[in-house]
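Values reported hereafter were calculated over all heavy atoms of this structure, with side chains retained and with hydrogens, waters and symmetry mates removed. Index from 1, following the sequence. Counting convention: from 1, in listed order, for ligands and their atoms alike. Since the structure is predicted, the reported quantities are computational estimates derived from the model, not experimental observations.
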Amino acid sequence: MPLVSMNEFLPKAKANKFAVGQFNMNNLEFAQAIVEAAMIEKSPFIFGVSEGALKYMGIEFTVALAEAAAKKSGLPIALHLDHGSSFEVAMKCIRAGFSSVMFDGSHYSFEENIRLTKEVVKAAHAMGVSVEGELGTIGGVEDDISVDEEDANLANPEEAIRFWEETGVDCVAIAVGTAHGMYAGEPNIRFDIIEQVARAIPVPIVLHGGSGVPDEMIRKSIEVGVGKINVNTENQVACTESIREVLGKDAKVYDPRKYLTPARNAMVKVVQSKIQLFGSSNQA
Ligand code: 13P
């Protein structure tokens with residue numbers, strides 16, 4: 001099966017109250033672990049690729065890995081640019097074979113964010129590519145993007161609704177209290193904001209910073225209108241912890257397969273448990 005746009009599964013997710021996971025791809029082992037877990041669970045999913053990960057893997061390898069995963073699995077998989085910073089980078093990804101892009105104009109003024117997002121939507125939709133927009137500022141650290149918790153701004157529900165009406169994005173990431181990276185305590189998620197926006201628009205809300213959010217909060221967020229949840233850090237932690245464990249036990253190990261195999265297996269477990277929690281098992 002070729003890569004698909006998020007519109008292959010997001011409308012169904014919103015209607016049937018489940019969420020599709022965006023699992024960030026950072027290398028071959030991430031790609032393999034994510035697709036293996038999704039095959040066991042028969043779930044659609046989204047490969048999220050940040051600009052940092054794109055620089056690390058190279059755009060050709062990134063697209064080739066995602067296409068190989070789609071071909072091998074037969075699952076509906078979207079290859080999605082995560083936090084795209086410009087029209088140009090979004091177009092570059094689409095030309096290379098991405099089936100979905102996020103344009104993150106959240107650091108622009110509200111009107112400028114609408115104007116720039118609309119341009120991306122017009123070009124992307126003409127090519128059958130789905131678009132995610134962002135409103136409000138999500139805190140935490142992801143690649144080179146770092147936002148202090150004090151600078152994180154929750155989304156204004158009325159603005160979020162107008163943002164969708166004017167841009168026609170296929171899903172909207174709104175800042176509701178989650179953050180990229182692990183949490184020191186528990187996040188304070190504004191379910192009321194999610195519910196108010198989700199009720200007024202036909203497309204799902206995206207929850208960024210899915211790592212470390214307690215299960216019951218994830219379930220509640222899906223109940224009130226989240227249909228896409230992004231997870232990266234938990235896989236990174238599982239991967240690195242298992243490598244550390246193998247190397248810590250045996251200082252003579254030199255074959256990368258000896259530590260990357262358990263690292264990959266650890267990520268399969270993380271992704272499988274998230275898919276089950278998000279309710280997207282058997283939705284492929
Ligand atoms: P985490 O790394 O906190 O899971 O967040 C991932 C994310 O939101 C990617 O955009």
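In summary, Arg115 and Glu112 engage in a salt bridge, as defined by a charged side-chain N under 4.0 Å from a carboxylate O.
Ligand 1 is surrounded by Asn24, Asp82, His83, Glu142, Ala179, His180, Gly181, His208, Gly209, Gly210, Ser211, Asn230, Val231, Asn232, Thr233, each with at least one heavy atom closer than 4.0 Å.
A side-chain N or O of His125 and one of Asp170 form a donor-acceptor pair less than 3.5 Å apart.
Looking only at distances, no side-chain donor or acceptor of Asn188 sits under 3.5 Å from a matching main-chain atom of Gly177. With hydrogens and angles ignored, the 3.5 Å screen pairs a side-chain donor or acceptor of Lys12 with a backbone N or O of Gln283.
The CD atom of Glu51 sits 6.5 Å away from the OG atom of Ser86 when rounded to the nearest 0.5 Å.
The aromatic rings of His83 and His208 sit perpendicular to each other, their planes meeting at more than 60°, with 30° as the lower class boundary.
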